[in-house]
Amino acid sequence: MAKSPPLTSQTEDFPRWYQDVVAKAELAENGPVRGTMVIRPYGYAIWEAMQQEVDARIKAAGAQNAYFPMFIPMSYLEKESAHVEGFSPELAIVTHGGGKELEEPAVVRPTSETIINASFSKWVQSYRDLPLLINQWSNVVRWEMRPRVFLRTSEFLWQEGHTAHATQADAATYALRILTDVYQDFMVNVLAIPVLSGLKSPAESFPGAIRSLCCEAMMRDGKALQMATSHELGQNFSRMFDISYSDQDGKLVNVWQTSWGCSTRMVGGLIMAHGDDKGLVVPPKLAPTQVVIQIVRDGEGVTEAAEALKRNLTDDQIVGQIDVQKDDQRGTVEASKILIDNKTSVSFGRRSTDWEIKGIPIRVELGPRDVEEGVGILVRRDTSEKTPVPLQELPQKISATLQIQQQDMLAKASMRLEDHTSQTTTLEEATEQAQEGFARIPWKTLGVDGEASLAAKGVSVRCLLREDNTTPATLDEPNLIAVVGRAY
RNA sequence: CGGGCUGUGGCGCAGUUUGGUAGCGCACCUGCUUUGGGAGCAGGGGGUCGCCGGUUCAAAUCCGGCCAGCCCGACCA
């Protein structure tokens, strides 16, 4: 009966473990063109859950969704010099269309600052038009040398926000608001991933930005992953695209801008921040399926008990989502937060393993023996803890456990981040500590030169923080701390 | 673009040294027995062996050319 484990263990080979999880949890697979990916239904359901949460927060921050074209005139990109320099190595360029060579090549958007700002210049005339707060959900293309599913693909899905403000202060405030109220809040409270919200060093800043903010997370192998960014663009684009308005005194002034984004890379971050040797672990608040009621073996009253339990869960809205009934041929309920697994033609062990690989937060084992005893076996994915619970108490117990699991996952990840972060005072020490996790070192000790020498050893400055871990407003603040580490 | 490797059913691989007409595991289909931690047995379907050319009675195997992909470096949400 004992089989070799379905996945490579994390300690044996972390990258291999990652690929195993992506494949066996049916999240994604490689597309036919190098660097592209097919996002499978379960992976896409996770992305949709992320979208829903992020989108709600973006709207709460006052931005509206819109959509801009995927094709951008080459000349637009060339208007901002740092911007085009930063992106030109990875552009996909369309030179032919309709069987003819195009008069001007069209760039497939690597990001949409330029094309959106071309519209902004038409939309903004008066101070009354400001702030202008726009977001779009789209795909973008950056031709990557070394792609990795979810983490670095040539085409990826994301959201990009673009805003125009009357003053620099207003733009700065908004960039920070997005970072904390949208990204950080989502990551901490939904993904259960603690993040460092800081300022990028000049070397790591976005091409065309005057300042870049970011949320950095630590993966279980101690490496860093940038989960989201928020930039202050100053007037770099508004000057080039002539986005100006008449102020209250009738003077013509250029706007101050921000842009910010998060992508399908977060799915990779989710896998690597919480996953264990049994597979993915999805936090309850994000999980497309929160509970699987697993019929161990059919028998007297088992199916009825499972259905009753499901009804109780949805009727009480305990799980928090309206149940969409959609039976498929296999008799499971795929489009639901609660799923009955009655596929008893497949062995119990196989089904248990499959749900674990997918990281479903709670499994309830229900068999003839349990029904006779009037219990269900509640199994937590994060701890593997099994508890027999009387059937009538199960809905409340499940609800409580989902909440506890959400908190525990964040607590565990926070502890891991703390345990793998060390205080250092010298460059040598920081380089060494960064092999196992994050190292904190005074930015004035490190400096731009120190940053360059770290880069030679595969270590980079992930972000700059104040001593109390809050986000600095500018690079000029005294006593900034650089957090350095190896990054994806 | 520099260095290493690999192309054989859906996936992972053996076979290539020494040419003889394609095999294994997983997955899939059918049936029976199973089901409390990746089930067992029996039967079955599926591959012009990356592409083009050459040598030969005969090429997955030998020779020449081309193409693609993977891993390690520089770039990156």
Side-chain angles (χ1 to χ4, degrees), chain A residues 1-8 13 15-16 19-20 23-24 26 29-35 85-91 109-112 138-148 150-161 183 200 203-207 209 212 214-217 224-231 259-269 278-279 294-299 302 341-357 363-373 375-377 379 384 386 388 455-458 460 487-488:
Chain A
M1 266 325 215
K3 299 263 177 172
S4 58
L7 304 169
T8 308
D13 185 345
R16 178 106 187 261
Q19 290 185 325
D20 282 358
K24 298 211 168 158
E26 301 182 325
E29 58 198 31
N30 288 319
V33 171
R34 181 186 159 78
E85 270 173 44
F87 282 106
S88 57
E90 48 192 64
L91 294 181
R109 63 181 162 219
T111 178
S112 303
S138 73
N139 59 343
V140 284
V141 170
R142 299 179 188 180
W143 218 261
E144 295 293 349
M145 295 304 165
R146 289 192 52 199
R148 194 110 106 68
F150 288 122
L151 299 176
R152 195 185 305 110
T153 47
S154 293
E155 180 194 6
F156 56 90
L157 306 182
W158 77 343
Q159 123 322 279
E160 51 179 323
Y183 299 138
K200 280 292 181 195
E204 298 277 336
S205 291
F206 178 78
S212 289
C214 63
C215 291
E216 291 283 329
L225 185 72
Q226 179 174 306
M227 300 282 282
T229 48
S230 182
H231 315 289
S259 72
W260 26 277
C262 66
S263 72
T264 38
R265 167 180 274 193
M266 290 191 297
V267 179
K278 290 180 173 181
Q294 190 179 356
I295 293 178
V296 179
R297 233 166 1 108
D298 210 353
V302 176
D341 173 10
N342 59 3
K343 214 173 151 187
T344 50
S345 58
V346 176
S347 74
F348 169 78
R350 159 58 67 123
R351 288 181 289 142
S352 305
T353 309
D354 285 348
W355 295 127
E356 278 164 1
I357 291 174
R363 212 153 42 78
V364 178
E365 299 179 1
L366 211 54
R369 202 163 75 202
D370 307 304
V371 171
E372 199 172 318
E373 290 168 18
V375 300
I377 313 295
V379 190
S384 295
K386 287 192 178 193
K457 303 224 171 71
S460 55
Y488 276 97

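Bear in mind that the values here come from a model prediction, so they are computed numbers and not experimental data. What you see below is based on every heavy atom in this structure, not just the backbone, and it leaves out hydrogens, waters and symmetry mates.
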Problem - More than 12 heavy atoms from other groups under 6.0 Å of CD on A/Glu372 - result: no

Problem - Candidates B/rC75, B/rG38, B/rU35 - which lies nearest the side chain of A/Pro6 - result: B/rG38

Problem - For B/rA14, the Watson-Crick or wobble partner whose two distances fall under 3.5 Å - result: none

Problem - Distance-only donor-acceptor test, A/Arg142 side-chain atoms vs B/rC76 base atoms, 3.5 Å - result: no

Handout entry: Pairwise C1' distance for B/rC63 and B/rG69, with rounding to whole Å
Key = 24 Å

Exercise for the section: Check the distance between B/rA77's P and A/Glu155's CD and give it to me in whole angstrom. Expected result: 18 Å

Completion exercise
If pairing means Watson-Crick or G-U wobble with both distances under 3.5 Å, then the partner of B/rA59 is none

Handout entry: Min side-chain heavy-atom separation A/Glu204-A/Ser460 under 4.5 Å
Key = yes

Exercise for the section: Starting at atom CZ of A/Phe87, determine the distance to atom P of B/rA77, rounded to an integer number of angstrom. Expected result: 7 Å

Problem - Distance in angstrom units between A/Glu144 CD and B/rC70 P, rounded - result: 14 Å

Practice task
Using whole Å, report how far CZ of A/Arg350 lies from P of B/rC26.
Solution key: 11 Å

Exercise for the section: For B/rG43, give its Watson-Crick or G-U wobble partner with both distances under 3.5 Å, or none. Expected result: B/rC29

Handout entry: Separation of the C1' atoms in B/rA77 and B/rU6, to the nearest angstrom
Key = 31 Å

Problem - Pairwise C1' distance, B/rG47 and B/rG7 [rounded to whole Å] - result: 14 Å

Completion exercise
Of A/Val379 and A/Glu204, the one whose nearest nucleotide on RNA chain B sits closer to the 5' end is A/Val379

Practice task
Without swapping roles, check the side chain of A/Tyr488 against the backbone of A/Gln226 for a donor-acceptor pair under 3.5 Å.
Solution key: no

Completion exercise
Side-chain atoms of A/Gln19 come closest, of B/rC71, B/rC76, B/rG36, to B/rC71

Exercise for the section: In whole angstrom, give the distance that lies between atom CD1 of A/Ile295 and atom P of B/rU34. Expected result: 20 Å

Exercise for the section: For the pair A/Arg142 (side chain) and A/Pro110 (backbone), establish whether a donor and an acceptor sit closer than 3.5 Å, ignoring hydrogens and angles. Expected result: yes

Fill in the blank from the handout: Walking RNA chain B from its 5' end, the first of A/Tyr488 and A/Lys386 to be reached, judged by nearest nucleotide, is A/Lys386

Practice task
Please measure how far the C1' atom in B/rC49 lies from the corresponding atom in B/rA68, and state the result in whole Å.
Solution key: 16 Å

Handout entry: Any strand: nucleotide that pairs with B/rA74 via Watson-Crick or wobble, under 3.5 Å
Key = none

Exercise for the section: Determine if A/Phe156 stacks with B/rA77; use a centre-to-centre distance below 5.5 Å and an interplanar angle below 30° as the criteria. Expected result: yes

Handout entry: Spacing of the C1' atoms in B/rC70 and B/rU17 (rounded, Å)
Key = 25 Å

Problem - Separation of atom CZ in A/Arg148 from atom P in B/rC76, rounded to whole Å - result: 17 Å

Problem - Base-pairing mate for B/rG36 - Watson-Crick or G-U, with both contacts under 3.5 Å - result: none

Practice task
Indicate whether any N or O donor in one side chain lies under 3.5 Å from an N or O acceptor in the other, for A/Ser352 and A/Gln294.
Solution key: yes

Problem - Length of the CD-P vector between A/Glu365 and B/rG37, whole Å - result: 9 Å

Handout entry: Any donor-acceptor pair under 3.5 Å from A/Thr264 side chain to A/Phe156 backbone
Key = no

Practice task
In whole angstrom, give me the gap between the P atoms of B/rU55 and B/rC71.
Solution key: 39 Å

Practice task
Can you tell me, in whole Å, how much space there is between the C1' of B/rU30 and that of B/rG46?
Solution key: 15 Å

Exercise for the section: Rounded off to whole Å, could you give me the CD-to-C1' distance for the A/Gln226 and B/rC76 pair? Expected result: 10 Å

Handout entry: Whole-Å C1' distance, B/rC66 and B/rG45
Key = 35 Å

Problem - Main-chain N/O of A/Leu7 paired with A/Arg16 side-chain donor or acceptor, under 3.5 Å - result: no

Exercise for the section: Both distances under 3.5 Å, Watson-Crick or G-U wobble: report the partner of B/rA68, or none. Expected result: B/rU6

Problem - Selection from B/rG37, B/rA77, B/rG36 that lies nearest to any side-chain heavy atom of A/Ser352 - result: B/rG37

Practice task
Measure distances between side-chain N and O atoms of A/Asp354 and base N and O atoms of B/rG38, and say whether any donor-acceptor pair falls under 3.5 Å.
Solution key: no

Practice task
Could you please name the option among B/rA77, B/rG36, B/rG37 that lies closest to any side-chain atom of A/Val296?
Solution key: B/rG36

Exercise for the section: Answer yes or no: side-chain N or O of A/Arg363 and base N or O of B/rG37 forming a donor-acceptor pair under 3.5 Å. Expected result: yes

